Amino acid sequence: MSIGVGATAALLLFAVWPLAAVLRTALADGGAPLLAELAEPGAHEAWFNTLVLAGWVTGLAVPLGATLAWVVERTDAFVSERTRGATGALLTLPLAVPPYLLAMAWALLGNGRNGLLNRIASAPWVDLYGLDGIVLVLVTASYPFVLLAVRASLSRADPALEEAARTAGAGPVRVLIDVTIPLVLPSMAAAAGLVFVFATAAFGVPYLLGSVASPPVYFLTTRIFRYTTLGGEDMLARAAALAIVLLATSGLAQAASSWLAKRRSTVQVSGKSSRPSLVRLGPLRFFVRAGLALFALTAIVLPLSTIAWTSLAKSFAEPGTLSFVHWNNVLAREETLGAFVHSIVLALLTGALVAVLGLVVARMAKVTRRAGAVVSFLASAPYAVPGTVLAIGLLLAFSLEYRVIVADRVTFALYLPGTLGLLIVAYGVKYLAFGVRGARAALDQIHPSLEEAARTSGAGPLRGTVDVLLPLVSPAVLAAFVVVALPCLSELTMSVLLFGAHTQTAGTLLFELQSYADPPAASVVATLVVGIALVGDFLSRRLSRRRTT
Amino acid sequence: RVEVGAPRVRQQAADTQPTGRVTVYTSMYRHVIDAMKPILAEALPEVEVEWLQGGSEKLATRLDAELTAGTPSADLVMTSDPLWYRRLAEERHLAAFAPIPALAMPRTLVDPRGYFVTSRISTMVLAYNEEHVKPDEVPRTFLDLFDERFVGRVTTPDPLGSGTTFTTLAFLVHTHGEDVMQRMKAVNTIASGGNSSTLTRLESGEHHVGFVLLENVLAAEKRGTPVKWKLPEEGAVIIPGPIALLAKGPNPVAARAVYEVLLSKAAQEKIVDGLMHAPFDTLEPPTGAPPLPKLLDTKYQWTDDFVHAAVDQSQTLREKFSAIMGGH
Amino acid sequence: MSESGLELRAIHKRFGDNHVVRGLEIALEAGEIVALLGPSGCGKTTALRMVAGLETPDSGTITIAGQTVKSDAVDLPPEARRIGMVFQSYAVWPHKNVRDNVAYPLKLAKNGDAGARADRTLELVRLGGMGDRFPDTLSGGQQQRVALARALVAEPKLLLFDEPLSNLDAKLREEMRHEIRVLAKQVGITSLYVTHDQPEAFAVSDRVAVVLDGVIAQVAPPREIYAEPASLAVAKFVGRLSILEGVERTGEGRARVQGFELPVTSATDAQSVVLGVRPEDVRLADGGIEGRVTRATFLGERTELEIETLAGTLRADVGRSTPVHGGGTVHVALDGGRLYATPSH
Amino acid sequence: MSESGLELRAIHKRFGDNHVVRGLEIALEAGEIVALLGPSGCGKTTALRMVAGLETPDSGTITIAGQTVKSDAVDLPPEARRIGMVFQSYAVWPHKNVRDNVAYPLKLAKNGDAGARADRTLELVRLGGMGDRFPDTLSGGQQQRVALARALVAEPKLLLFDEPLSNLDAKLREEMRHEIRVLAKQVGITSLYVTHDQPEAFAVSDRVAVVLDGVIAQVAPPREIYAEPASLAVAKFVGRLSILEGVERTGEGRARVQGFELPVTSATDAQSVVLGVRPEDVRLADGGIEGRVTRATFLGERTELEIETLAGTLRADVGRSTPVHGGGTVHVALDGGRLYATPSH
Ligand SMILES: Nc1ncnc2c1ncn2[C@@H]1O[C@H](COP(=O)(O)OP(=O)(O)OP(=O)(O)O)[C@@H](O)[C@H]1O
Ligand SMILES: Nc1ncnc2c1ncn2[C@@H]1O[C@H](COP(=O)(O)OP(=O)(O)OP(=O)(O)O)[C@@H](O)[C@H]1O
Ligand SMILES: [Mg+2]
Ligand SMILES: [Mg+2]
């Protein structure tokens with residue numbers, strides 16, 4: 001319990017307090033900045049665009065992710081179980097790639113004037129600048145959330161439910177519509193909520209592809225970004241006011257999705273588990289395979305290889321001439337190594353911190369219903385706060401030194417600016433939601449008697465948790481660790497505001513190169529980031545496979 | 001009990017010998033910083049200088065937030081937006097200081113009250129891709145960019161995201177009237193990102209003409225580029241990059257010493273190596289660039305009149321720009 | 001020969017190296033109920049699922065009501081086989097109410113009258129009036145009856161049951177097995193019923209097929225399979241059995257063990273035999289075989305004894321009034337038994 | 001009075017409005033095995049979990065081996081109660097091998113000799129040599145024995161079982177219930193055993209406590225509870241029971257039904273009574289009560305009959321050689337019965 005209290009205190013200090021600092025500025029003078037912002041037509045437009053964007057992204061990513069999940073989990077489209085597993089892994093790769101890198105790649109490939117695709121086709125047939133392009137890129141970045149959730153839910157569902165429909169006379173398609181989809185609807189709804197929030201809070205992609213469109217399109221996040229870059233207290237208050245709007249929007253979406261998810265309880269009694277019989281695709285098999293391959297090529301392989309390839313192209317003017325000159329330049333720079341070391345350390349530490357804290361919070365939510373619900377809300381809310389706003393909150397809250405004084409002596413002093421600590425706090429607060437989510441799902445799958453057996457064997461609550469619960473949830477905790485560590489590896493939005501003289505990260509390096517010094521060198525860093533992320537992803541898969549045996 | 005306050009002081013302020021750590025927030029390029037490090041180390045062996053390098057706007061956001069909270073962690077700021085320094089000075093966040101080298105600068109490059117001086121000069125020039133722009137088409141003035149012949153071919157950095165660009169916009173509007181923005185709109189100017197992404201758009205041929213900082217083009221020329229630059233006939237927009245001492249900085253004594261070294265000839269030569277102009281006519285311009293006096297001879301002068309207008313109307317100007325260009 | 005309800009011919013199925021079903025053959029007459037009875041892992045479920053079309057046999061022919069649904073040339077999908085199936089886990093759809101669950105097969109068959117017919121089938125399984133409730137508000141027994149109604153409603157040619165009662169508690173199980181039999185007979189539907197519970201198989205079926213190791217060891221009506229198991233393995237699986245050694249044949253239909261002679265049937269011609277005895281053929285009687293009671297378990301209506309004799313351990317049931325205690329010496333008479341070939345260890 | 005093993009006094013527990021346990025009282029002697037037998041939802045599990053400390057009673061006192069573990073003043077956590085518990089779902093930890101599972105309680109008690117003692121306990125539950133295997137390679141019965149070994153190994157003061165066998169198949173269940181009893185007696189440990197299966201309760205325990213609606217309706221040794229149930233509700237729950245109406249007392253220990261007189265015991269002084277008859281007290285006999293056989297189910301060692309008489313439906317068992325068929329008329333004699341107050345509908 002004391003761990004729970006500690007976790008709550010940490011949450012209040014590191015998550016709630018900085019946000020409160022932001023809100024306070026937004027609500028200064030009786031809410032003047034908020035009211036002023038609400039009266040702005042520009043704000044209305046940004047809000048409207050955000051809703052349209054999030055709506056489209058959700059509307060496309062959910063069916064796409066769910067379809068892919070079904071194909072991977074339930075059809076005979078694969079030659080062997082190995083290819084099934086490999087395809088599943090390949091399709092979740094985008095999770096390991098920062099969305100703004102995807103946007104960079106797509107900007108190169110698909111800008112309306114001279115994107116590579118258009119150059120190859122010698123005709124302007126794609127234009128990814130503007131809302132359409134942003135939607136598409138965000139869809140390719142976010143469908144894996146749905147894929148993972150629906151796959152998990154499909155593999156948990158009692159196959160007899162679907163088989164009963166088959167024997168009742170329904171063909172595979174009818175089964176899909178009448179039984180499978182309703183069964184996975186709750187998990188689809190939950191994933192839809194996540195995707196909606198993801199799209200609402202997205203910054204990099206809307207900025208990179210929206211501001212160069214003609215006319216440019218703005219969203220809540222990019223408008224907030226402008227306010228923050230323009231500087232001044234007034235602007236900060238405006239940004240905070242918009243952040244409230246953003247938070248409310250994504251909060252509503254979250255609430256709606258969890259309402260939808262809970263409305264019909266789908267008790268998934270699993271009897272003796274048998275592998276469900278796979279849907280035989282017959283002649284469609286070829287088309288499904290071709291479709292999968294085409295999708296993986298365009299949505300995953302193409303953008304990633306574009307990034308790698310630009311890093312080798314001599315300049316943007318002559319994309320055909322390859323050389324290692326940028327690689328040599330980047331690798332020769334003193335700070336490159338430092339930045340990557342920092343990022344890897346940050347990713348590992350934050351991943352570990354969030355995985356553990358997420359577990360603690362999820363556990364609290366299970367043990368003490370009401371308090372737990374509040375705490376898990378607090379832990380999940382910051383994900384919906386734009387990184388810029390969160391970073392400003394942290395700057396406002398932690399530019400001062402906090403001293404704990406016992407017996408009139410300073411016993412503990414906390415001063416974060418310029419340290420990796422501040423970045424860990426920022427990343428941790430932002431991504432805690434993932435940790436809580438993962439841990440909750442894992443805990444729900446563990447029969448309470450396993451832990452009770454430890455108690456009756458003589459283990460106290462802590463001991464029981466360590467000896468029984470932790471080992472059992474460790475695959476899920478590892479997954480949460482990876483899901484958090486990957487975006488931290490390349491985090492950009494918050495890092496550029498919070499890094500210190502000695503704490504440059506891969507993200508800030510990338511940003512610096514991209515926007516000031518040397519754009520081709522940025523592709524090198526991007527390639528490195530993606531490479532490290534893919535290696536990390538691969539290693540964690542290996543590790544978790546070993547664990548589950 | 002919990003106490004909240006300024007962090008522990010790292011060095012006694014009364015100490016007149018410059019020692020300890022000095023933190024500089026700067027938007028200078030990293031290779032320039034790297035080149036300056038040995039100079040500082042030699043001149044001030046007791047002082048450890050920490051460079052926090054980042055975009056001007058990011059650093060401004062960060063410092064604003066720190067100042068709002070009460071304590072800046074920087075001693076010196078050295079970024080590129082003169083208007084912001086004026087606001088900092090008015091809000092009394094800066095300490096007045098007159099370093100000796102500043103006496104040799106052209107007076108237009110020095111704040112008369114001594115709150116900041118120029119440490120380097122960036123120049124906004126015309127740029128075009130020679131593969132796409134015929135010789136007789138090449139723009140000659142800023143206004144030329146927004147001519148009918150360039151419809152859909154113009155790009156600039158985003159004035160709302162980049163300080164140097166905002167300054168340029170303010171000068172154009174101040175000099176030619178608000179009509180300029182209408183003309184930008186009329187040719188579908190894409191104003192996005194920073195100078196470097198603008199250069200990228202020009203290099204790749206996505207756009208053909210625009211304005212961009214001279215230093216970016218010079219750097220590109222070094223590695224080979226189809227983008228050429230041109231000084232506008234009426235003169236370039238020059239953006240002095242100020243340096244200033246923060247009033248509440250943690251280590252003012254050492255900070256002053258660093259301030260002076262950064263303006264020394266040795267350090268300023270590194271600025272020139274970094275393809276920017278130093279604020280002294282005694283120093284050579286960067287290779288291929290016009291000499292300083294030629295630059296300063298421009299229609300776009302930092303008069304009080306302009307500065308007041310730019311500061312007072314910065315908000316309205318931004319709003320108008322947004323409204324005209326679309327988006328906001 | 002009467003009309004055929006279901007025929008399996010030479011069915012084989014492997015999972016990787018595991019040859020699970022090894023030439024299974026069985027034929028059901030129309031309207032007949034046959035129970036597949038066998039130990040866990042013997043391939044019962046696999047066989048049933050192949051009949052349903054949920055699993056594909058490696059080879060063999062399956063014919064339902066005269067129509068070949070699976071052969072080398074034909075392979076109908078489950079939905080075209082006109083079957084009804086009841087699963088161990090009920091598999092009642094949680095997102096549909098009871099009526100919609102039951103009406104679903106009718107709707108698929110474009111039956112206009114679906115709701116009304118579903119209600120009538122619900123009456124049949126004694127769930128009248130529950131049509132509007134959702135499955136999560138029903139008890140296990142009620143859910144299983146919904147599943148049954150759903151399987152029956154479209155008048156399939158064949159009903160398949162995979163341990164439909166093993167998630168229910170003992171009392172309910174006894175009630176339901178009777179209900180299932182009555183219903184299937186009333187509707188006159190051919191049924192294949194998988195279970196590993198012997199009394200359940202006996203109570204529900206016309207014939208019992210004992211499946212051992214992927215083949216059918218014996219198919220016969222309950223009485224026959226109980227009284228005349230084809231082998232020791234079948235005998236052991238069908239009801240309790242005590243095995244006595246040191247047995248000699250003493251003539252046609254007679255044998256002697258421990259000096260005690262008794263009437264026997266024989267499953268073998270072998271000379272080296274063991275004697276299988278059912279508990280109800282063991283009586284306490286003076287002058288019988290001597291033994292020591294090693295366990296006496298009072299179970300209510302009967303007390304189960306374990307009696308150690310020189311020939312082996314005997315299990316016997318005695319009424320509650322018989323005074324026996326663990327450790328005492330008793331004499332037992334055997335009323336009958338069956339000879340089996342001595343198993344080779 | 002002998003040493004106390006477990007005592008529950010006036011235990012109450014509500015879940016919201018649901019008053020689940022309503023003043024439960026029971027005392028076990030040291031070394032005694034008591035089964036809590038009752039229908040689903042009557043509060044057995046809740047009671048057991050309160051003894052374990054996994055659930056907190058609203059009021060009442062719990063004493064284990066003389067030590068008060070829960071009262072108004074005291075509330076020991078589960079780990080301090082010195083109990084062993086066996087769960088219905090086995091709750092064997094999948095990430096530890098068998099030995100580590102069993103050794104865990106010893107390791108917590110800082111017992112240096114943990115591995116060796118775990119191995120000895122594994123021998124006891126007949127899993128010797130399986131220490132290195134992981135639970136997912138074990139059958140259900142083996143897993144449950146691991147759980148049992150884990151509960152026994154640290155020599156707790158009290159063993160708690162919550163339907164430990166209901167996930168196992170019938171044959172295994174019969175074996176295991178005997179094993180559990182033998183082991184508990186061998187170690188001499190006080191045990192509380194929750195089940196809703198009557199034969200299991202009888203086979204495993206010294207005394208059976210029938211729980212109905214959150215209170216204990218009767219505690220007595222199996223024979224007594226079977227022969228002399230305190231009420232009709234208890235009688236119905238403990239074994240099969242037929243109820244006949246139109247009964248009149250004809251003297252001390254005698255009653256008449258349908259003109260047929262029989263010896264009875266009595267659970268009530270009321271004049272308006274019904275007669276409860278056990279199947280084994282029903283015999284086919286000329287001159288008995290006339291009835292029609294409405295169902296005859298051959299189950300192997302016995303055939304279960306349902307006989308409709310004018311006084312009510314009788315259930316009877318007959319041997320396999322008795323020739324009866326559904327629909328025939330029979331006469332039955334009753335060897336005994338018990339009178340209960342007529343239930344008020
Ligand atoms: N999809 C499958 N893949 C691999 N092996 C399988 C599969 N399905 C069943 N088996 C194996 O085939 C054998 C027979 O399984 P089946 O389910 O038919 O047994 P069963 O007789 O129904 O047993 P139970 O009484 O336990 O349900 C088992 O050894 C099982 O492990
Ligand atoms: N945590 C809980 N919250 C609310 N109600 C509960 C809780 N646990 C049990 N109950 C309710 O208390 C009653 C008794 O439950 P309990 O589990 O003790 O029954 P049981 O006798 O063990 O039944 P079974 O034989 O089905 O296991 C049930 O109505 C159940 O729904
Ligand atoms: Mg099976
Ligand atoms: Mg229970």
Side-chain angles (χ1 to χ4, degrees), chain A residues 74-76 79-82 153-189 260-285, chain C residues 15-16 40 45-46 48-56 75 77-97 100-111 134-137 140 143 146-147 150-154 156 158-160 162-164 166-167:
Chain A
R74 283 282 198 271
T75 68
D76 67 348
V79 190
S80 67
E81 287 308 301
R82 269 188 92 101
S153 156
L154 277 177
S155 66
R156 272 201 309 272
D158 184 355
L161 290 169
E162 285 158 273
E163 291 172 356
R166 288 305 290 279
T167 59
V173 178
R174 282 308 293 261
V175 174
L176 186 63
I177 294 168
D178 291 342
V179 179
T180 315
I181 290 177
L183 282 180
V184 300
L185 209 53
S187 64
M188 265 163 77
L260 212 65
K262 278 188 202 127
R263 203 166 49 111
R264 166 110 7 265
S265 72
T266 49
V267 223
Q268 301 191 327
V269 263
S270 194
K272 282 186 190 172
S273 52
S274 60
R275 221 196 134 71
S277 54
L278 298 175
V279 172
R280 279 175 260 166
L281 295 172
L284 282 178
R285 201 166 153 176
Chain C
F15 290 113
S40 186
T45 297
T46 307
L48 196 78
R49 289 168 60 82
M50 290 190 290
V51 174
L54 296 170
E55 207 85 70
T56 311
D75 186 4
E79 61 270 23
R81 295 194 179 189
R82 306 208 48 197
I83 51 173
M85 185 155 172
V86 181
F87 295 82
Q88 176 178 352
S89 56
Y90 320 146
V92 174
W93 300 307
H95 58 289
K96 291 184 196 282
N97 70 18
D100 290 344
N101 258 285
V102 175
Y104 186 72
L106 296 175
K107 285 195 186 128
L108 289 173
K110 302 266 183 300
N111 194 310
F134 273 86
D136 54 4
T137 67
Q143 287 192 45
V146 174
R150 185 179 62 189
L152 282 171
V153 74
L158 177 67
L159 262 184
L160 301 173
D162 190 3
E163 309 200 10
S166 55
N167 279 354

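Naming convention: chains lettered A, B, ... in sequence-line order (proteins, then strands); numbering from 1 in each chain. Just so it is clear, the structure is predicted and the values come from calculations on it, not from any experiment.
Here the closest non-hydrogen pair linking A/Pro172 and C/Glu79 is CD-OE2, 3.4 Å. Nearest heavy-atom pair, C/Trp93 versus A/Ala164, reported as atom, atom and distance to 0.1 Å: CZ2-C, 4.0 Å. Residues A/Leu183 and C/His95 share a closest heavy-atom pair of CD2-ND1, 4.3 Å. Here the closest heavy-atom approach between residue A/Ala160 and residue C/Ala91 is recorded as O-CB, 3.5 Å. Among all heavy-atom pairs drawn from A/Thr167 and C/Ala52, the shortest one is CG2-CB, 4.2 Å. Across all non-hydrogen atoms, the minimal contact from C/Val92 to A/Leu161 is O-CD2, 3.4 Å.
Among C/Arg81, C/Arg82, C/Met85, the residue making the largest number of heavy-atom pairs under 4.5 Å with chain A is C/Met85.
Residues C/Arg49 and A/Glu163 are paired through a salt bridge, judged by an N-O separation under 4.0 Å between the basic side chain and the carboxylate.
Heavy-atom distances place no part of C/Asp100 under 4.5 Å from chain A, backbone and side chain included. In this structure, no portion of C/Thr45 lies under 4.5 Å from any heavy atom of chain A.
With values rounded to the nearest 0.5 angstrom, A/Arg166 atom CZ is found 10.0 Å from C/Ile83 atom CD1.
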